[in-house]
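Predicted model, so just to flag it, every value in this text is computed and none were measured. Numbering of ligands and ligand atoms starts at 1, following listing order.
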Amino acid sequence: MARAADGKLDRQENAKLIKHIEQGGISTLLYGGNAIFYHLTLAEYRSALEMISELAADSSLVIPAIGPAYGTMLDQAEVLKDFEFPTAMILPQRDIVTSAGFCAGTRNLVARLGKPVVLYLKFGGVVTVEDATALVNDGMISAIKYAVVREDYMQDDYLKALTEKIDPSLILSGLGDQPAITHMRHFGLGGFTTGCGCVFPQMSTDLLKAIQAGNWDEAEAIRERFLPLENLRDNLGPITILHRATELAGIAQTGPISPLLSEPAESIQKQISAALEQMKQSA
Ligand SMILES: N[C@@H](CC=O)C(=O)O
């Protein structure tokens, strides 16, 4: 999400970013980790929701995040009630939660919102398969964003167990373009979310189409084209590198990074520019 030099949300630059993503064929805009929804004040939360609901195309599905702290969720739920977003995604956390407690909190939140939420599973086992399944079966969940990092994405007992209990089409691969092929091809997940799609939306759209068509060689070739930027994000911080890459790619002035995160050093910004150039040339 773009901010002006004074740190305020920048409407004009966010409009450019949204338009760029939509023109690349992406019609679901998820404002979660990469948009740094973690650190918004309550007043900013309302401003952000107003801005994105006004700027996104009518045909786009916009999903704002909520949380991750329970008190934050409840305060944000009051704000969310003034908007028509069909769902909201609970930001993940692993500290000071138990599986049963998280699920009870999710049920309370859904009751307050009057709509189901996206369950974001980022840490294996924090929410048990049984608890996740019960939430789904009770109509609490609109989708699951599955983002547990694995050394080998084929080896994932937690995901396997989830897909044995929950319709896999309800689960989206939530770690960007790299595990998307494995998650969709071998576990049957219904789609994927992408951070790099903010910069190269058409490439993410092409990847999705190749996967859906079962054109695995093409999908693999597209996946590899994302590697220069994804490797930097993996090694140096997925959110901050993406925030700066979006600006360096000339899409929008994303401005200062939110406090609690920090700006990549000049030398790293050069690496980001080089990665962007490499990706453009691989087209
Ligand atoms: N965390 C992933 C997917 C985002 O939705 C990424 O940043 O690519």
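- With a 4.5 Å cut-off on side-chain heavy atoms, Leu30 and Met89 count as touching.
- In this structure, Glu164 places its CD atom where more than 12 heavy-atom neighbours from other residues, nucleotides or ligands lie under 6.0 Å away.
- Heavy atoms from other residues, nucleotides or ligands lying under 6.0 Å from NZ of Lys8 number 12 at most.
- Under a 4.0 Å N-O distance rule, the pair Lys19/Glu22 does not qualify as a salt bridge.
- In this structure the side chain of Met279 never reaches within 4.5 angstrom of the side chain of Leu227, judged on heavy atoms.
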Quick one: table the atom pairs, ligand 1 N or O against protein N or O, below 3.5 Å, distance rounded to 0.1 Å.
unit_1   : atom_1 : unit_2 : atom_2 : d
ligand 1 : 5 (O)  : Lys145 : NZ     : 3.1
ligand 1 : 5 (O)  : Thr193 : OG1    : 2.9
ligand 1 : 7 (O)  : Asn34  : ND2    : 2.8
ligand 1 : 7 (O)  : Arg233 : NH1    : 3.4
ligand 1 : 7 (O)  : Arg233 : NH2    : 2.7
ligand 1 : 8 (O)  : Gly195 : N      : 2.7
ligand 1 : 8 (O)  : Arg233 : NH1    : 3.1

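- A salt bridge links Asp82 with Arg46: the closest approach of a Lys/Arg side-chain nitrogen to an acidic carboxylate oxygen falls below 4.0 angstrom.
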